[in-house]
Each structure stands twice: as C-alpha cells, then as structure tokens.
**Q** 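Sharing a structure with you now.
Below, read A as the first sequence line, B as the second, and so on, with proteins coming before strands; counting in each chain starts at 1. If you're wondering where the values come from, they're calculated on a predicted model, not measured in any experiment.
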Amino acid sequence: MSIKRLSDDLLKVWAITEKDIRMYYLKSPSIFFGIVFPLILYFTFAMGRPCVTEAHRLTGVVTVSALFGATSVEAVVFSLERRSRTMDRLLVAPIHPGALIFGKAISGAIFGFIVAIIVGAILMLFGSFWRWTGLMPGLKLEPVTFMIAVFLTSIVSSSLGMIFSVKARDITEAMWPLNVIRFLMIFICGVFIPLDETFAFMPSAKFIAYLFPITYSVEALMQATFGMIQPRRLLLDFLALIFFSATFLMIAVKIFNRSIR
Amino acid sequence: MTFAIKVNDLTKRYGRVLALKNVRLEVEEGEFFGLLGPNGAGKTTLIRILTGLTAPTSGEVIVAGGNPFEEPVKVKSRFGLVPEISNVYVDFTAWENLMFTGRLYSVPRDVREKRAMELLEILGLKERRDSPVRQFSKGMRRRLAIAMALIHDPQILFLDEPTSGLDVQSTNVIRGILRRLNEEEGKTIFLTTHYIEEAERLCHRVAILNRGEIVAQGTVEELKASIKMSEIVEVTFNAPIPSLSELEKHCDKVIRLRENKIRLYSPHISRNLEAITDFARRNGLEILSVNTVNPTLEDVFIRYTGLDIVAVERMEQIRAKGSER
C-alpha cells in the first residue's frame with residue numbers, strides 16, 4: 001500500500017469519525033448508557049454493597065463507562081445510519097469496508113474514553129466527599145498508564161459493540177445481545193467484586209474470567225489507579241486488550257462484508 | 001465505441017425470488033440512458049448492482065472501465081449515485097453535507113469548496129447553504145443529494161427515480177440540470193424512472209425492464225417503430241360500454257379512454273375486428289369510428305409490460321410517499 005493511499009484512507013477514516021462524533025454523541029442512548037447508567041451503578045454499589053472496596057467502585061465505574069459508552073455509540077450509529085439509508089452513502093464511496101469500520105470504531109472508542117475519563121475524574125475528586133475525606137483514600141494515580149488502560153478498554157469495547165451492531169437495523173436489535181454480554185462481563189470479570197470473591201464457590205473456574213477482555217481492563221486500571229503496577233502483568237493486560245480489539249474488529253468486518261452483499 | 005456501462009447475462013436471486021434474469025445492456029460514454037419499469041421490476045436492484053451495493057448472483061458488470069466488486073475503490077470514485085430516498089445527513093447543513101462527501105472522495109479542500117458553491121448555485125440552494133437539512137423540503141433534499149453525487153465531478157451519474165413524488169417546480173429544475181450535465185459536461189447519465197414522459201424527453205436510449213427482464217431496448221424512435229401502427233386501434237361506440245372483460249380475452253390489453261371509447265393492443269388486430277363487431281352487436285352498440293394510432297412510448301411500455309401506465313404511476317406515487325415518511 002502506497003503512502004499516498006494510506007494517508008488518503010486515514011483522512012477518510014477521520015472524516016467518518018468526525019461526522020459520527022458530531023451526529024451521534026448526543027443521542028439519548030449514548031448519554032444514558034455512557035454516563036447516567038455507570039453513575040447509577042456506582043451509587044448502587046456505594047450504598048448497597050459496603051463490602052465492595054472504594055478501589056473496585058472507582059475502577060468498576062470507569063470500566064463500565066468505557067464499556068457501555070463505546071458499545072452503545074456503535075449500536076446507535078449503525079442502526080441510525082441504516083434506518084436513514086446514509087450507510088449506502090458510505091458504501092458507495094471509494095473507501096474499503098475495513099477502513100469504514102475502523103472509522104466508526106474510533107468514534108465509539110473516543111466516546112467511551114471521554115465519558116470514562118469524565119466519570120473517573122468526578123469520582124476521584126468527589127467520590128468520598130460525603131465522608132469528608134477529600135480525595136479518594138489510597139488513590140495513587142499513574143496518569144499515563146491510566147489513560148492508556150482507559151483508551152484500550154474503550155477500543156476493545158467499541159470493537160465488541162461493532163460485532164453486534166454492523167448488521168443491526170434498529171437499536172434494540174444491537175442492544176439486547178450487547179446487554180447479555182455486557183452484564184455477564186460485569187459480574188464475572190471482577191468489575192465491582194474481586195475475582196477471588198466472585199469465584200469463591202469454585203476457584204478453579206476463575207479462568208473463565210480471563211476469556212473476556214474486561215478482566216484485563218479492570219486489572220490494568222487497578223494497577224494504574226492505586227499504585228500497584230507490576231510491569232509484566234500490565235504489559236500482558238495491554239497485549240490482551242490489543243489482541244481482543246484486533247480479533248473483534250476482524251470479526252466485525254467479516255460480518256459487515258457479508259451483510260452488505 | 002467506448003462503453004461507460006456494460007452488463008452481460010446479469011442474474012440476481014434473493015432466495016427463491018429471481019429479481020433479475022440474464023440482463024444485458026450497454027451504455028455508451030456521454031449517453032443519457034433511461035431504465036423504465038413498473039414497481040418491483042428490478043430497477044433498484046440493477047442500479048444497486050451497478051454501483052457495487054449489492055452483489056449479483058452471476059453475470060458480468062463493467063462500470064467506468066472496471067468491475068465495481070473487484071476494483072471497488074477505483075470504480076466508485078468515477079461515479080455518483082442519487083438514490084431513490086435522499087440519504088442526506090439531516091443534522092448537518094447543506095454545506096456540511098457537501099464538505100463531508102467531498103472528503104470521502106478525497107477532493108482537495110479548495111476544489112471541494114469551489115465546486116460546492118457552484119453546485120449550490122446551480123441547484124438553487126445557495127441561500128440555504130447554512131440551514132440544517134432537517135428544515136429542507138423533499139425537493140430541496142433531492143437537489144442536495146444530486147449536488148452530493150456531483151461533488152467529485154464523476155464521469156457517470158446514476159439516478160434512481162430522481163423526480164418521483166416531487167412538485168412540478170423541483171421536477172423541472174432537476175430535469176433541466178440533468179440535461180445540462182449531459183449536454184454541456186458530457187456526463188453519462190443512467191436514470192431509472194416510471195415516468196414515460198421523463199424518459200421520452202431526456203433519454204437518448206431507453207430499456208424497459210419487466211419482472212427482472214429487459215423486454216425492449218433502443219432509442220425512443222426505435223421502440224415506437226417496433227410496434228406496428230396496426231397493433232393499436234381506438235374504437236368509438238355510440239353509447240357507454242358496459243364491460244371490457246369479453247374483449248380482453250382477444251387482445252393483449254384494452255384500455256377505456258372515455259365511457260364510449262376504448263384502445264386495444266394486439267399483434268393480430270385485424271383478426272380481432274370481428275370480435276369487436278360481435279361485441280358491439282351483443283351489447284346493442286354501434287361502432288362510430290375505428291382508427292389506428294401512432295404509437296407513443298407509453299404504448300410501447302404497455303405493449304411490452306402489459307401494464308396500464310396510469311395505474312403504474314399511481315402505485316409508484318403511493319410507494320414514494322410511503323417510503324419518504
């Protein structure tokens with residue numbers, strides 16, 4: 001592939017990303033699932049589950065924001081584009097389907113990243129406000145690692161969202177399978193409750209959690225937020241997230257190519 | 001002779017439904033080509049295949065010198081598509097829609113800005129360039145869709161029912177622009193329509209598609225000449241005609257023009273004159289006149305599809321209203 005063609009494709013990818021950001025970020029499902037829903041979960045666990053540690057509440061909500069934000073944007077974008085037939089406009093343009101999918105994945109990831117950072121910042125600053133302790137106790141933020149972990153979580157989430165959205169004709173068609181997988185991951189990937197507690201009934205089943213990308217997100221975020229960085233572990237988490245993202249994107253492109261024929 | 005579009009033995013199946021059957025057609029560069037056909041004939045399927053949106057089941061498709069499925073990026077940069085439903089971004093302004101489309105086609109910023117201004121001017125949208133498209137009428141949206149299809153200055157322009165359901169003013173503006181694009185800029189235009197008059201006025205050549213098959217193809221004059229004058233006869237009676245069912249057994253098509261006047265289509269009209277006389281006698285009618293008629297494109301359409309164009313147009317209008325809603 002020549003440099004000229006690559007730069008042409010990247011410019012087209014960015015045009016699609018920018019258009020999606022402007023058109024779909026403020027749609028109600030994006031706002032609800034990206035911001036409102038994670039905050040509701042936070043307060044539910046803050047009030048109803050005192051056994052959940054502050055660290056898990058924070059990383060859990062940041063993970064859920066990225067996961068729900070990025071996946072929901074994909075569900076909104078694809079179904080609305082299909083309904084208004086603007087998807088045909090993109091398909092008839094001289095752009096590879098892979099680049100088209102990549103452009104849309106980036107728009108979802110940016111949304112997931114932004115909402116997760118906003119929600120995370122609110123909780124870090126004011127999460128313990130009601131207990132008059134100021135900043136969250138034990139907080140030892142590694143900003144760069146934290147940003148990378150949030151971004152990779154957003155990328156893997158938007159790629160996952162793609163798989164269920166590329167064929168969807170309406171939001172519900174994408175949302176119901178997404179909800180099954182999203183809630184499943186919340187409960188088995190150690191998002192709010194540590195994995196050892198989740199699998200206390202059968203410790204040997206813990207490996208199941210490592211079949212899902214969000215487990216690696218939570219691990220990376222815990223390390224980046226509470227100063228417990230183990231470089232090898234962190235690298236493994238990042239590589240796993242990149243691997244899942246690439247795999248999900250390839251699957252999404254295949255489904256998309258089949259759906260447009 | 002250079003072909004802008006060449007289709008060979010094209011077939012498309014949706015499960016058990018045969019949408020297109022062995023379609024063959026050739027469109028020369030710079031030609032204004034019309035595809036006429038009733039609802040469900042396969043016009044949109046054909047245009048979707050030509051533009052690379054739907055893959056054919058079998059057959060060969062060449063558009064602008066390449067196969068849209070084998071070299072999609074190269075071929076797609078050479079044509080523009082105006083679909084049946086104006087798929088514009090309603091949350092964007094007209095200007096933003098054009099800029100976004102220009103970026104998808106890698107049109108440099110200065111070129112796309114200059115061309116966008118020209119297109120908005122030509123299409124009568126310059127004053128509304130900064131208005132959100134949500135506020136646009138159906139005709140304005142269609143004109144914007146045409147501008148978006150032209151922003152990268154394509155060689156070929158595909159239009160699927162461009163004037164369907166539009167008011168007279170928008171229809172005239174669009175037809176004028178299409179003629180100008182073809183005559184002055186030499187663009188190849190491939191248009192599907194169910195308006196006979198539109199095809200007759202604009203197109204150099206016309207193909208009639210019925211139930212997935214091309215049933216006739218040629219210049220308007222050639223198509224008219226393909227029906228002998230003697231195949232169309234108008235009969236006037238002295239009183240209102242009760243029912244046409246008896247005559248329909250003998251002819252391809254019978255249309256009631258007035259309560260006492262009918263038009264018959266049949267390749268064996270001379271043989272049917274006896275049936276007409278019998279029909280008049282049995283119903284107590286007197287034949288006032290029998291005239292052969294110079295065929296119009298509408299007659300050609302009726303002859304090859306067996307459909308009444310008035311009913312076809314009414315059906316298409318209802319469908320267009322429903323799909324735009």
Side-chain angles (χ1 to χ4, degrees), chain A residues 1-28 30 73 76-104 106-107 169 253-254 256-261, chain B residues 12 14 44 47-57 63-64 66 68-69 71-93 96-97 99-109 112 132-134 141 145 148-149 151-152 154 158 160 323-324:
Chain A
M1 188 191 273
S2 69
I3 303 269
K4 165 90 176 71
R5 214 185 101 188
L6 182 68
S7 70
D8 262 10
D9 274 358
L10 287 175
L11 287 172
K12 290 173 190 175
V13 164
W14 182 242
I16 293 171
T17 303
E18 213 183 289
K19 186 262 300 171
D20 285 354
I21 289 172
R22 291 192 50 204
M23 284 199 63
Y24 304 113
Y25 273 21
L26 293 179
K27 298 288 178 199
S28 51
S30 311
V73 162
V76 169
V77 167
F78 275 92
S79 48
L80 291 185
E81 291 251 30
R82 282 198 190 274
R83 200 167 66 191
S84 61
R85 312 263 180 111
T86 46
M87 184 57 80
D88 281 356
R89 180 165 294 288
L90 300 177
L91 291 174
V92 92
I95 181 165
H96 294 283
L100 197 162
I101 291 287
F102 190 54
K104 295 206 165 286
I106 293 176
S107 69
R169 298 214 161 260
V253 171
K254 277 204 165 178
F256 184 66
N257 279 338
R258 221 176 295 149
S259 77
I260 57 177
R261 289 293 165 97
Chain B
K12 176 68 186 176
Y14 290 106
T44 299
I47 224 168
R48 284 183 71 85
I49 291 173
L50 294 176
T51 52
L53 285 172
T54 301
T57 307
V63 175
F69 300 96
E71 311 162 276
V73 175
K74 188 181 100 179
V75 173
K76 286 175 179 179
S77 62
R78 293 176 182 170
F79 66 75
L81 168 67
V82 182
E84 193 180 356
I85 293 172
S86 305
N87 56 354
V88 291
Y89 295 100
V90 293
D91 293 327
F92 280 4
T93 63
E96 288 167 337
N97 267 287
M99 290 302 105
F100 170 66
T101 312
R103 288 170 73 188
L104 283 184
Y105 285 82
S106 304
V107 182
R109 184 187 211 131
R112 69 173 181 257
V133 174
R134 194 173 291 285
R141 288 182 191 199
M148 288 163 82
I151 191 78
H152 57 297
F158 290 97
D160 194 4
S323 57
E324 285 284 341

**Q** Check whether B:Arg48 gets within reach of chain A through its side chain, its backbone, both or neither, counting any heavy atom under 4.5 Å.
**A** side chain
**Q** Examine whether an atom of A:Thr86 lies under 4.5 Å from a heavy atom of chain B, and if so say whether it belongs to the side chain, the backbone or both; otherwise answer neither.
**A** both
**Q** Test of understanding: with side-chain hydrogen bond (donor to acceptor under 3.5 Å, both in side chains), list the residues that count as partners of A:Lys27, not counting sequence neighbours.
**A** B:Asp91
**Q** Looking only at heavy atoms and a cut-off of under 4.5 Å, which of A:Asp88, A:Leu91, A:Leu11, A:Ile95 has the most pairs with chain B?
**A** A:Asp88
**Q** Can you check whether B:Val107's main-chain N or O pairs, donor with acceptor, with B:Arg112's side chain at less than 3.5 Å?
**A** yes
**Q** Under the ring-ring contact (aromatic ring centres under 6.0 Å, His included) test, which residues partner B:Phe79, sequence neighbours left out?
**A** B:Phe158
**Q** Counting heavy-atom pairs closer than 4.5 Å to chain A, which one of B:Pro56, B:Pro72, B:Ser106, B:Ser77 comes out on top?
**A** B:Ser106
**Q** Can A:Lys19 be said to sit on top of B:Phe92's aromatic six-ring, NZ or CZ under 6.0 Å from centre and within 45° of the ring axis?
**A** no
